[in-house]
Amino acid sequence: MFLKIVYNLGGSFSQRRKGYAKDAKKGMPRLKIAVIAGDGVGPEVIGGAKRVLERVGERHAIEFGFEDLDWGAEYYFRHGRMMPPSAVEILGACDAILLGAVGHPDIPDHVTLNGLLLPIRRGFDLYANVRPAVLYAGVESPLAGRKAGDIDLVVVRENTEGEYAPVGGFLYHQQPQEVAIQTAVFTRRGIERVVRFAFELAQRRNKKKRVTSITKSNAQAFGMVLWDRVFASVAEQFPDIETETLLVDAAAMNFVRRPESFDVVVASNLFGDILSDLSAMVTGSIGLAPSANLDPTRRHPSMFEPVHGSAPDIAGKGIANPLAAILSAGLMLEHLGQSGAAGAVERAVTAVLAEGQVRTPDLGGDSSTRQVSEAVAGRIG
Ligand SMILES: NC(=O)c1ccc[n+]([C@@H]2O[C@H](COP(=O)([O-])OP(=O)(O)OC[C@H]3O[C@@H](n4cnc5c(N)ncnc54)[C@H](O)[C@@H]3O)[C@@H](O)[C@H]2O)c1
(Lines give C-alpha, C1' and ligand atoms only; values in the text may rest on other atoms or scores of the structure.)
Protein backbone atom coordinates (compact mmCIF):
# COMPACT_ATOMS: atom_id res chain seq x y z
CA MET A 1 0.00 0.00 0.00
CA PHE A 2 2.85 2.39 0.69
CA LEU A 3 4.46 1.52 -2.60
CA LYS A 4 4.92 4.36 -5.05
CA ILE A 5 5.89 6.95 -2.44
CA VAL A 6 9.34 7.14 -3.94
CA TYR A 7 10.14 9.93 -6.28
CA ASN A 8 12.44 9.51 -9.20
CA LEU A 9 13.39 13.00 -10.19
CA GLY A 10 17.10 13.07 -10.71
CA GLY A 11 18.14 9.60 -11.80
CA SER A 12 18.06 6.17 -10.33
CA PHE A 13 19.61 4.86 -7.16
CA SER A 14 22.29 3.08 -9.16
CA GLN A 15 23.20 6.35 -10.83
CA ARG A 16 23.71 7.97 -7.42
CA ARG A 17 26.07 5.31 -6.24
CA LYS A 18 28.60 4.83 -9.01
CA GLY A 19 30.13 1.71 -7.48
CA TYR A 20 26.82 -0.10 -7.30
CA ALA A 21 27.24 -2.29 -10.39
CA LYS A 22 30.75 -3.36 -9.34
CA ASP A 23 29.46 -4.29 -5.89
CA ALA A 24 26.99 -6.68 -7.34
CA LYS A 25 28.21 -10.25 -6.90
CA LYS A 26 26.53 -12.67 -9.26
CA GLY A 27 23.87 -10.06 -9.81
CA MET A 28 23.22 -9.76 -6.08
CA PRO A 29 22.70 -6.13 -5.05
CA ARG A 30 24.78 -5.00 -2.10
CA LEU A 31 23.27 -2.20 -0.05
CA LYS A 32 25.28 -0.27 2.50
CA ILE A 33 22.92 0.88 5.26
CA ALA A 34 23.94 3.31 8.02
CA VAL A 35 22.07 2.28 11.17
CA ILE A 36 21.57 4.81 13.96
CA ALA A 37 19.56 2.87 16.53
CA GLY A 38 19.65 5.86 18.90
CA ASP A 39 17.99 6.06 22.29
CA GLY A 40 15.22 4.53 24.38
CA VAL A 41 13.19 2.06 22.34
CA GLY A 42 15.26 2.92 19.24
CA PRO A 43 17.67 -0.03 19.58
CA GLU A 44 14.77 -2.40 20.38
CA VAL A 45 12.71 -1.56 17.30
CA ILE A 46 15.76 -1.28 15.03
CA GLY A 47 16.81 -4.75 16.19
CA GLY A 48 13.46 -5.97 14.87
CA ALA A 49 13.86 -4.11 11.58
CA LYS A 50 17.36 -5.55 11.03
CA ARG A 51 16.08 -9.04 11.79
CA VAL A 52 13.42 -8.64 9.10
CA LEU A 53 15.94 -7.18 6.64
CA GLU A 54 18.26 -10.14 7.18
CA ARG A 55 15.41 -12.45 6.29
CA VAL A 56 14.57 -10.31 3.26
CA GLY A 57 18.21 -10.58 2.22
CA GLU A 58 18.04 -14.39 2.27
CA ARG A 59 14.73 -14.57 0.45
CA HIS A 60 15.33 -11.85 -2.13
CA ALA A 61 19.07 -12.23 -2.72
CA ILE A 62 20.07 -8.84 -1.36
CA GLU A 63 23.29 -8.39 0.58
CA PHE A 64 23.01 -5.83 3.37
CA GLY A 65 26.11 -4.20 4.78
CA PHE A 66 25.00 -2.59 8.04
CA GLU A 67 27.19 0.19 9.42
CA ASP A 68 26.09 0.44 13.07
CA LEU A 69 26.69 3.92 14.49
CA ASP A 70 26.51 4.43 18.25
CA TRP A 71 25.35 8.04 18.00
CA GLY A 72 22.72 9.54 20.28
CA ALA A 73 22.37 10.19 24.02
CA GLU A 74 25.10 7.80 25.25
CA TYR A 75 27.49 9.27 22.68
CA TYR A 76 26.52 12.72 23.99
CA PHE A 77 27.33 11.75 27.58
CA ARG A 78 30.80 10.61 26.46
CA HIS A 79 31.64 13.29 23.87
CA GLY A 80 29.39 16.28 24.57
CA ARG A 81 27.79 16.00 21.13
CA MET A 82 25.21 13.72 19.55
CA MET A 83 27.36 12.61 16.62
CA PRO A 84 30.91 13.20 15.42
CA PRO A 85 31.88 16.19 13.25
CA SER A 86 32.46 13.77 10.35
CA ALA A 87 28.90 12.39 10.58
CA VAL A 88 27.70 13.76 7.27
CA GLU A 89 30.70 12.30 5.40
CA ILE A 90 30.23 8.90 7.07
CA LEU A 91 26.54 8.82 6.22
CA GLY A 92 27.16 10.20 2.73
CA ALA A 93 29.09 7.06 1.84
CA CYS A 94 26.03 4.89 2.53
CA ASP A 95 23.06 4.09 0.31
CA ALA A 96 20.48 4.92 2.99
CA ILE A 97 20.11 5.63 6.70
CA LEU A 98 17.90 3.65 9.07
CA LEU A 99 17.20 5.49 12.31
CA GLY A 100 15.44 4.38 15.50
CA ALA A 101 14.76 7.43 17.65
CA VAL A 102 16.65 10.05 19.60
CA GLY A 103 15.75 11.62 22.92
CA HIS A 104 16.76 11.08 26.54
CA PRO A 105 15.11 12.36 29.74
CA ASP A 106 18.47 13.78 30.96
CA ILE A 107 19.17 15.82 27.81
CA PRO A 108 16.98 18.74 26.70
CA ASP A 109 15.00 17.68 23.62
CA HIS A 110 16.18 20.64 21.56
CA VAL A 111 19.77 19.42 22.05
CA THR A 112 19.06 15.88 20.80
CA LEU A 113 16.93 17.06 17.91
CA ASN A 114 19.25 19.85 16.78
CA GLY A 115 22.33 17.71 17.38
CA LEU A 116 21.38 14.78 15.17
CA LEU A 117 18.07 14.59 13.34
CA LEU A 118 17.72 18.12 12.02
CA PRO A 119 21.34 18.45 10.79
CA ILE A 120 20.98 15.19 8.85
CA ARG A 121 17.67 16.25 7.31
CA ARG A 122 19.06 19.64 6.32
CA GLY A 123 22.59 18.45 5.51
CA PHE A 124 21.28 16.01 2.90
CA ASP A 125 18.42 18.28 1.82
CA LEU A 126 15.88 15.56 2.69
CA TYR A 127 13.05 17.92 1.92
CA ALA A 128 10.12 15.50 1.67
CA ASN A 129 9.15 13.77 4.90
CA VAL A 130 6.63 11.16 3.80
CA ARG A 131 4.40 9.62 6.48
CA PRO A 132 1.80 7.09 5.32
CA ALA A 133 -1.11 6.24 7.64
CA VAL A 134 -3.11 3.12 6.82
CA LEU A 135 -5.81 1.38 8.85
CA TYR A 136 -4.81 -2.28 8.52
CA ALA A 137 -7.09 -5.29 8.84
CA GLY A 138 -7.06 -6.58 12.41
CA VAL A 139 -6.32 -3.16 13.90
CA GLU A 140 -8.99 -1.18 15.65
CA SER A 141 -9.16 2.55 15.08
CA PRO A 142 -10.07 4.61 18.15
CA LEU A 143 -12.64 6.22 15.84
CA ALA A 144 -15.96 4.38 15.78
CA GLY A 145 -17.13 2.63 12.65
CA ARG A 146 -13.88 2.64 10.65
CA LYS A 147 -12.81 -0.57 9.00
CA ALA A 148 -9.62 -1.71 7.26
CA GLY A 149 -8.72 0.41 4.29
CA ASP A 150 -11.09 3.25 5.22
CA ILE A 151 -8.11 5.36 6.25
CA ASP A 152 -5.30 5.44 3.70
CA LEU A 153 -3.54 8.77 3.56
CA VAL A 154 -0.03 10.16 3.34
CA VAL A 155 1.19 13.26 5.11
CA VAL A 156 3.98 14.99 3.18
CA ARG A 157 5.78 17.28 5.55
CA GLU A 158 8.22 19.98 4.43
CA ASN A 159 11.39 18.88 6.16
CA THR A 160 14.12 21.48 5.77
CA GLU A 161 12.80 24.96 6.59
CA GLY A 162 9.56 26.52 7.91
CA GLU A 163 9.12 26.66 11.66
CA TYR A 164 12.13 24.38 12.31
CA ALA A 165 14.68 26.64 10.61
CA PRO A 166 17.40 27.39 13.17
CA VAL A 167 16.85 31.14 13.00
CA GLY A 168 16.45 33.17 16.16
CA GLY A 169 18.11 33.71 19.48
CA PHE A 170 17.91 34.87 23.04
CA LEU A 171 18.35 38.42 24.19
CA TYR A 172 19.20 39.01 27.87
CA HIS A 173 19.71 35.25 28.14
CA GLN A 174 18.43 33.88 31.45
CA GLN A 175 17.86 37.34 32.88
CA PRO A 176 14.47 38.53 34.16
CA GLN A 177 13.89 40.60 31.01
CA GLU A 178 14.76 37.68 28.72
CA VAL A 179 13.51 37.76 25.10
CA ALA A 180 13.37 34.80 22.70
CA ILE A 181 12.98 35.27 18.96
CA GLN A 182 12.08 32.28 16.78
CA THR A 183 11.71 32.90 13.06
CA ALA A 184 9.99 30.62 10.57
CA VAL A 185 11.55 30.60 7.10
CA PHE A 186 9.43 29.94 4.02
CA THR A 187 11.02 30.13 0.59
CA ARG A 188 9.25 29.92 -2.74
CA ARG A 189 11.71 27.20 -3.81
CA GLY A 190 11.22 25.23 -0.60
CA ILE A 191 7.43 25.32 -0.81
CA GLU A 192 7.27 24.73 -4.55
CA ARG A 193 9.34 21.55 -4.51
CA VAL A 194 7.49 19.87 -1.64
CA VAL A 195 4.08 20.82 -3.03
CA ARG A 196 5.07 19.46 -6.45
CA PHE A 197 6.23 16.25 -4.75
CA ALA A 198 2.78 15.94 -3.13
CA PHE A 199 0.94 16.34 -6.44
CA GLU A 200 3.16 13.83 -8.19
CA LEU A 201 2.64 11.42 -5.30
CA ALA A 202 -1.14 11.76 -5.66
CA GLN A 203 -0.76 10.89 -9.34
CA ARG A 204 1.44 7.85 -8.61
CA ARG A 205 -0.84 6.58 -5.84
CA ASN A 206 -3.75 6.89 -8.24
CA LYS A 207 -6.30 6.60 -5.41
CA LYS A 208 -8.51 9.56 -4.54
CA LYS A 209 -6.27 11.89 -6.57
CA ARG A 210 -6.64 14.68 -4.03
CA VAL A 211 -4.05 16.94 -2.41
CA THR A 212 -4.94 18.87 0.73
CA SER A 213 -2.76 21.80 1.73
CA ILE A 214 -2.64 22.79 5.40
CA THR A 215 -1.69 26.28 6.58
CA LYS A 216 -2.68 28.93 9.07
CA SER A 217 -2.63 31.80 6.64
CA ASN A 218 -5.42 33.68 8.38
CA ALA A 219 -3.11 34.34 11.35
CA GLN A 220 0.36 33.91 9.83
CA ALA A 221 0.08 36.44 7.07
CA PHE A 222 3.50 36.15 5.40
CA GLY A 223 5.08 32.70 5.15
CA MET A 224 1.79 30.86 5.02
CA VAL A 225 0.27 33.29 2.55
CA LEU A 226 3.25 32.59 0.30
CA TRP A 227 2.59 28.86 0.83
CA ASP A 228 -1.06 29.30 -0.27
CA ARG A 229 -0.03 31.22 -3.40
CA VAL A 230 2.62 28.69 -4.40
CA PHE A 231 0.21 25.81 -3.76
CA ALA A 232 -2.38 27.42 -6.05
CA SER A 233 0.15 27.97 -8.83
CA VAL A 234 1.52 24.40 -8.68
CA ALA A 235 -2.05 23.03 -8.58
CA GLU A 236 -2.76 24.65 -11.95
CA GLN A 237 -0.19 22.29 -13.48
CA PHE A 238 -2.08 19.22 -12.19
CA PRO A 239 -5.64 19.56 -13.52
CA ASP A 240 -6.30 15.85 -12.89
CA ILE A 241 -5.78 16.27 -9.13
CA GLU A 242 -8.51 17.69 -6.89
CA THR A 243 -7.35 20.22 -4.30
CA GLU A 244 -8.45 21.32 -0.88
CA THR A 245 -6.95 23.92 1.46
CA LEU A 246 -7.57 23.81 5.19
CA LEU A 247 -6.46 25.83 8.17
CA VAL A 248 -4.57 23.62 10.57
CA ASP A 249 -7.24 23.80 13.29
CA ALA A 250 -9.92 22.63 10.85
CA ALA A 251 -7.50 19.97 9.58
CA ALA A 252 -7.03 18.59 13.11
CA MET A 253 -10.80 18.37 13.45
CA ASN A 254 -11.23 16.71 10.06
CA PHE A 255 -8.46 14.14 10.65
CA VAL A 256 -10.80 12.86 13.39
CA ARG A 257 -14.17 13.63 11.75
CA ARG A 258 -13.52 12.45 8.17
CA PRO A 259 -10.05 10.84 7.88
CA GLU A 260 -11.28 8.71 4.97
CA SER A 261 -11.57 11.84 2.80
CA PHE A 262 -7.82 12.49 2.74
CA ASP A 263 -5.38 11.17 0.17
CA VAL A 264 -2.16 13.22 0.10
CA VAL A 265 -1.81 16.00 2.67
CA VAL A 266 1.00 18.54 2.34
CA ALA A 267 2.00 20.73 5.25
CA SER A 268 4.79 22.78 6.76
CA ASN A 269 7.44 21.27 9.03
CA LEU A 270 5.55 21.93 12.29
CA PHE A 271 2.02 21.24 11.09
CA GLY A 272 3.08 18.06 9.27
CA ASP A 273 4.87 16.87 12.41
CA ILE A 274 1.79 17.32 14.57
CA LEU A 275 -0.80 16.06 12.09
CA SER A 276 1.16 12.88 11.36
CA ASP A 277 1.01 11.87 15.04
CA LEU A 278 -2.74 12.35 14.77
CA SER A 279 -2.98 10.33 11.55
CA ALA A 280 -0.91 7.60 13.22
CA MET A 281 -3.26 7.44 16.19
CA VAL A 282 -6.45 7.25 14.16
CA THR A 283 -4.99 4.21 12.42
CA GLY A 284 -4.49 2.42 15.74
CA SER A 285 -1.08 3.23 17.22
CA ILE A 286 1.93 5.45 16.74
CA GLY A 287 3.84 2.17 16.85
CA LEU A 288 2.56 1.48 13.32
CA ALA A 289 3.59 4.73 11.63
CA PRO A 290 6.67 4.66 9.36
CA SER A 291 8.35 7.58 7.65
CA ALA A 292 10.79 8.38 4.90
CA ASN A 293 12.96 11.51 4.78
CA LEU A 294 13.60 11.71 1.07
CA ASP A 295 16.03 13.56 -1.12
CA PRO A 296 13.93 13.11 -4.25
CA THR A 297 16.87 14.20 -6.42
CA ARG A 298 18.85 11.20 -5.07
CA ARG A 299 22.05 13.20 -4.66
CA HIS A 300 22.23 12.13 -1.01
CA PRO A 301 21.21 9.10 1.04
CA SER A 302 17.64 9.28 2.27
CA MET A 303 16.73 8.45 5.87
CA PHE A 304 14.02 6.11 7.13
CA GLU A 305 12.64 6.12 10.68
CA PRO A 306 9.50 5.44 12.66
CA VAL A 307 7.40 8.51 13.40
CA HIS A 308 7.53 7.80 17.12
CA GLY A 309 10.22 8.98 19.53
CA SER A 310 12.39 7.15 22.05
CA ALA A 311 9.38 6.37 24.32
CA PRO A 312 11.28 6.48 27.64
CA ASP A 313 8.14 5.32 29.47
CA ILE A 314 8.41 1.84 27.91
CA ALA A 315 12.12 1.71 26.99
CA GLY A 316 13.96 -1.39 28.22
CA LYS A 317 10.77 -3.39 28.76
CA GLY A 318 10.94 -5.15 25.40
CA ILE A 319 7.35 -4.25 24.53
CA ALA A 320 7.77 -1.45 21.98
CA ASN A 321 5.94 -2.10 18.75
CA PRO A 322 8.61 -2.71 16.07
CA LEU A 323 6.19 -2.46 13.13
CA ALA A 324 6.77 1.25 12.47
CA ALA A 325 10.51 0.60 12.22
CA ILE A 326 9.94 -2.51 10.08
CA LEU A 327 7.61 -0.63 7.72
CA SER A 328 10.23 2.17 7.55
CA ALA A 329 12.76 -0.44 6.44
CA GLY A 330 10.20 -1.44 3.80
CA LEU A 331 10.02 2.15 2.57
CA MET A 332 13.82 2.12 2.41
CA LEU A 333 13.84 -1.01 0.24
CA GLU A 334 11.37 0.57 -2.12
CA HIS A 335 13.50 3.70 -2.34
CA LEU A 336 16.56 1.59 -3.11
CA GLY A 337 14.81 0.00 -6.07
CA GLN A 338 13.92 -3.28 -4.32
CA SER A 339 10.16 -3.13 -4.90
CA GLY A 340 9.67 -6.90 -4.65
CA ALA A 341 11.35 -7.00 -1.25
CA ALA A 342 9.47 -3.90 -0.09
CA GLY A 343 6.16 -5.50 -1.04
CA ALA A 344 7.14 -8.66 0.86
CA VAL A 345 7.76 -6.62 4.01
CA GLU A 346 4.41 -4.90 3.83
CA ARG A 347 2.58 -8.15 3.07
CA ALA A 348 4.26 -9.83 6.07
CA VAL A 349 3.26 -6.97 8.40
CA THR A 350 -0.27 -6.98 7.00
CA ALA A 351 -0.56 -10.75 7.57
CA VAL A 352 0.71 -10.60 11.15
CA LEU A 353 -1.71 -7.78 11.98
CA ALA A 354 -4.66 -9.52 10.31
CA GLU A 355 -3.98 -12.79 12.17
CA GLY A 356 -4.00 -10.88 15.45
CA GLN A 357 -2.09 -13.57 17.36
CA VAL A 358 1.15 -11.71 17.96
CA ARG A 359 0.93 -8.06 18.91
CA THR A 360 2.47 -5.64 21.37
CA PRO A 361 0.49 -3.99 24.24
CA ASP A 362 -0.15 -0.74 22.32
CA LEU A 363 -2.37 -2.85 20.04
CA GLY A 364 -3.99 -4.69 22.93
CA GLY A 365 -1.71 -7.76 22.91
CA ASP A 366 0.94 -9.08 25.27
CA SER A 367 3.71 -10.05 22.84
CA SER A 368 7.23 -8.69 23.00
CA THR A 369 9.09 -6.63 20.43
CA ARG A 370 11.15 -9.69 19.60
CA GLN A 371 8.12 -11.96 19.14
CA VAL A 372 6.46 -9.52 16.75
CA SER A 373 9.71 -9.07 14.80
CA GLU A 374 10.14 -12.85 14.52
CA ALA A 375 6.54 -13.26 13.41
CA VAL A 376 7.07 -10.74 10.60
CA ALA A 377 10.44 -12.25 9.64
CA GLY A 378 8.77 -15.66 9.49
CA ARG A 379 6.15 -14.36 7.06
CA ILE A 380 8.61 -12.86 4.58
CA GLY A 381 7.92 -14.58 1.30
N1 LIG B 1 12.26 11.12 15.47
C2 LIG B 1 12.64 11.08 16.73
O3 LIG B 1 13.70 10.59 17.06
C4 LIG B 1 11.70 11.61 17.77
C5 LIG B 1 10.35 11.86 17.48
C6 LIG B 1 9.51 12.28 18.52
C7 LIG B 1 10.02 12.44 19.80
N8 LIG B 1 11.34 12.20 20.02
C9 LIG B 1 11.89 12.25 21.39
O10 LIG B 1 11.45 11.09 22.08
C11 LIG B 1 11.32 11.39 23.46
C12 LIG B 1 9.93 11.01 23.93
O13 LIG B 1 8.99 11.83 23.27
P14 LIG B 1 7.42 11.65 23.38
O15 LIG B 1 7.11 10.90 24.65
O16 LIG B 1 6.82 12.97 23.15
O17 LIG B 1 7.01 10.78 22.11
P18 LIG B 1 7.14 9.21 21.87
O19 LIG B 1 6.72 8.97 20.46
O20 LIG B 1 8.48 8.71 22.24
O21 LIG B 1 6.07 8.53 22.86
C22 LIG B 1 4.70 8.95 22.87
C23 LIG B 1 3.85 7.79 23.41
O24 LIG B 1 3.77 6.77 22.40
C25 LIG B 1 4.25 5.54 22.93
N26 LIG B 1 5.07 4.89 21.90
C27 LIG B 1 6.02 5.47 21.13
N28 LIG B 1 6.58 4.55 20.34
C29 LIG B 1 5.99 3.37 20.60
C30 LIG B 1 6.15 2.06 20.08
N31 LIG B 1 7.05 1.76 19.14
N32 LIG B 1 5.37 1.09 20.59
C33 LIG B 1 4.45 1.35 21.53
N34 LIG B 1 4.24 2.59 22.04
C35 LIG B 1 5.01 3.59 21.58
C36 LIG B 1 5.11 5.91 24.14
O37 LIG B 1 5.16 4.83 25.05
C38 LIG B 1 4.43 7.14 24.66
O39 LIG B 1 3.35 6.79 25.49
C40 LIG B 1 11.63 12.87 23.61
O41 LIG B 1 12.96 12.98 24.05
C42 LIG B 1 11.45 13.42 22.21
O43 LIG B 1 12.24 14.54 21.96
C44 LIG B 1 12.18 11.78 19.06
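No hydrogens, no waters, no symmetry mates; every other heavy atom, side chains included, goes into these values.
Aromatic ring centres of His104 and Tyr76: separated by at least 6.0 Å.
Side chains of Thr215 and Thr245 form no contact here, defined as non-hydrogen atoms less than 4.5 Å apart. Residues Glu192 and Val234 meet the side-chain proximity criterion, which asks for heavy atoms closer than 4.5 Å. Contact of the Phe199 side chain with the Val266 side chain is not registered, since no non-hydrogen atoms from C-beta on lie closer than 4.5 Å. Using a 4.5 Å heavy-atom threshold, the side chains of Leu323 and Leu353 count as touching. Taking the side chain as every heavy atom from C-beta outward, Leu116 and Tyr75 never approach each other to under 4.5 Å.
Tyr164 approaches Leu270 most closely through the heavy-atom pair OH-CD1, 3.6 Å. Nearest heavy atoms, Phe124 versus Gly92: CZ-N, 3.7 Å. In this structure, Ala344 and His60 approach most closely via the heavy-atom pair CB-NE2, 3.5 Å. Taking every heavy atom of both residues into account, Val358 and Val352 meet most closely at O-CG1, 3.8 Å. Residues Thr112 and Val102 come closest through the heavy atom pair O-CG2, 4.3 Å.
Both the sub-6.0 Å distance and the 45° axial angle are not jointly satisfied by Lys216 relative to the ring of Phe271. Under a cutoff of 6.0 Å and an axis angle of 45°, Arg193 and Phe197 do not form a cation-pi pair.
Counted by atom type alone, Ser141 and Arg146 present zero donor-acceptor pairs between their side chains at under 3.5 Å. Counted by atom type alone, Arg370 and Ser368 present zero donor-acceptor pairs between their side chains at under 3.5 Å. A donor-acceptor pair shorter than 3.5 Å cannot be found between the side chains of Trp227 and Ser217.
More than 12 non-hydrogen atoms from other residues, nucleotides or ligands lie less than 6.0 angstrom from CG of Leu171.
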